[in-house]
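Accompanying notes for the structure given below.
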Amino acid sequence: MDRSRRAEAASALGSLERGIEILLCLAAGMRPMNLTQVHRSTGFSKTTTHRLLGTLQRRGLVTRTGGDYTVGGRLADLVTSRGWAIPGRRPPGSRRAILPHLLQLYEATRQTVNLAVPDGFEVAYVERLYGHNRVKSPSDGVDRAPLHCTAAGKVLLAYDAGLRAAFLSAPALRRMTGRTVTGPVALERELAAVRGEGVGYAREEFAEGVCCAAAPVFGPDGGVCMVVAVAAPVRAVGAAALPRLGAAVRRAAHRITGALVL
């Protein structure tokens, strides 16, 4: 191999190693990171970090939302079965048992049905059922959303004391809309209500014009392993009807829990 080819190979290997280091950095983080945070964590120059993040984003291995970066959904697809879930977050072989209940929930509500699992300080949507009138959301295309302003995320926080403590001790909560709950005390009150009722709600807190209801699914070990949620336009549901949507979601989650435990 001549000198130019050896130099080219060494450069490619160096870029690969730096790209892997960035992915490991993002995967280890408990929340999305901006360019400066990745640059400081890896020690790479800001120019190199920006270039590699751009490459990883184009290849679907990194997702960018605003100025923040997270590990992309395509990477999860490569290491899980059909991109169904984060490893270890659901009982093996459960998809066949769960899908009929999700379909039944969609038929009952005719709104977007989501199945979600925790992923750091975010909720990851691993299954979605919807029709032509699918509600639009900032999570479209990335299948991820913050915990504090989504119904599914609130359920995960409500039932996981360790996650809740870590999340509430983190920096200030990001405001997504004018209705986003960003105060820890107010959020704690909501989470207590979730545990009392068994349903979490988000009322235009993640996206304007969108409301959601979610309920926990318990695994064989008694812990929450996933969350069932329904997202709908506020104009289609209305504030008065949202509890009925919550009741439908809770029934579906209860059936799925039974299917997993039996």
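Throughout, residue positions are numbered sequentially from 1 according to the sequence presented.
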For residues V199 and G246, report the shortest heavy-atom separation together with the two atoms involved. CG2-O, 3.7 Å

Can R144 and E122 be said to form a salt bridge (charged side-chain N to carboxylate O under 4.0 Å, His left out), step by step? CA-CA 6 Å; R144 302 166 72 91; E122 291 187 300; 2.6 Å; yes

Provide the closest heavy-atom pair for A214 versus V227 in the form atom of the first, atom of the second, distance. CB-CG1, 3.7 Å

I'd like to know if the side chain of S169 and the backbone of A166 have a donor-acceptor N/O pair within less than 3.5 Å. yes

Closest non-hydrogen atom pair, V224 against P216: CG2-CB, 3.8 Å

Can you sort out the partners of D140 under salt bridge (Lys or Arg N to Asp or Glu O under 4.0 Å), two or more places apart, ordered by chain and number? R128, R134

Evaluate the side-chain proximity of L187 to P184: yes if any heavy-atom separation is below 4.5 Å, no if none is. no

Could you tell me whether the side chain of S41 and the main chain of C25 form a donor-acceptor pair under 3.5 Å? no

Starting from V185 and following side-chain heavy-atom contacts under 4.5 Å between hydrophobic residues (I, L, V, M, F, W, Y), which residues can be reached? none

salt_bridge(E205, R175) N-O dist < 4.0 Å: no

What closest approach, in Å, do A231 and N114 show between heavy atoms, and which atom pair accounts for it? CB-ND2, 4.3 Å

Nearest heavy-atom pair of L26 and L53: which atoms, and what distance? CD1-CD2, 4.2 Å

Between F44 and T49 the two heavy atoms that sit nearest each other are CB-OG1, 3.5 Å

